[in-house]
Amino acid sequence: AQDVPRNERKRLARERLANASWQAQTLKAADVGSNLADSKSLPLARRERCIEESRALIDVLTLAHRRVVAETRLELQRAEQELAELLDRC
């Protein structure tokens, strides 16, 4: 699996999740929200990648519980705003 480029692994994971149950999608949405909240402690490049990958992943979670997805989208917006403010200071 490590021989496969990261972008391809992430794309395949999104495909699997797009076809997963609403329960699995809801769990993943909550996980993504938690990862975004924790992303503040990551180095800048990893933080940017986390936000980018999270944005792409959220879009395929069409069966997930709406409230969990909404909360995750809010966390994504917060992470994007904090990153923009950080980049403005650089």
In Å and rounded to the nearest 0.5 Å, what is the CD to CD1 distance from Glu75 to Ile58?
9.5 Å
Where the side chain of Ser34 meets the backbone of Ala30, is there a donor-acceptor pair that is under 3.5 Å apart?
no
Smallest separation among heavy atoms of Asn19 and Gln25, with atom names:
N-NE2, 4.5 Å
Residues Arg9, Asp3; criterion salt bridge (Lys or Arg N to Asp or Glu O under 4.0 Å); working and verdict
CA-CA 10 Å; Arg9 286 196 320 271; Asp3 295 338; over 6 Å; no
What's the spacing between Leu87 CG and Glu82 CD if we round to 0.5 Å?
12.0 Å
Quick one: closest heavy-atom pair of Leu57 and Val32, and the distance?
CD2-CG2, 3.5 Å
Of all the heavy-atom pairs spanning Leu36 and Cys50, show the shortest one and how long it is.
CD2-SG, 4.2 Å
Do the side chain of Ser39 and the main chain of Arg47 share a donor and acceptor less than 3.5 angstrom apart?
no
Nearest 0.5 Å, please: how far is CD in Glu53 from CZ in Arg11?
14.0 Å
Taking atom CZ of Arg46 and atom OG of Ser41, what is their separation to the nearest 0.5 Å?
8.5 Å
Glu52 vs Arg49, test: salt bridge (Lys or Arg N to Asp or Glu O under 4.0 Å). Steps then yes/no.
CA-CA 5 Å; Glu52 180 182 318; Arg49 186 175 68 200; over 6 Å; no
Taking all atoms of both residues into account, what is the closest heavy-atom pair of Ile51 and Ala79, and its distance?
CD1-O, 3.6 Å
Which pair of heavy atoms, one from Ala20 and one from Leu63, lies closest together, and at what distance?
O-CD1, 3.5 Å
When rounded to the nearest 0.5 angstrom, what is the spacing between CG in Asp59 and CG in Leu17?
12.5 Å
Option from Arg14, Glu8, Lys10 for which side-chain contact (heavy atoms from CB on, under 4.5 Å) with Leu12 holds
Glu8
Nearest 0.5 Å, what's the CG-CH2 distance between Leu27 and Trp22?
10.5 Å
Heavy-atom pair of closest approach, residues Gly33 and Thr72
N-CG2, 3.7 Å
Are any of the side-chain heavy atoms of Leu83 and Leu44 separated by less than 4.5 Å?
yes
Just checking, any donor-acceptor pair under 3.5 angstrom between side chains of Gln77 and Gln81?
no
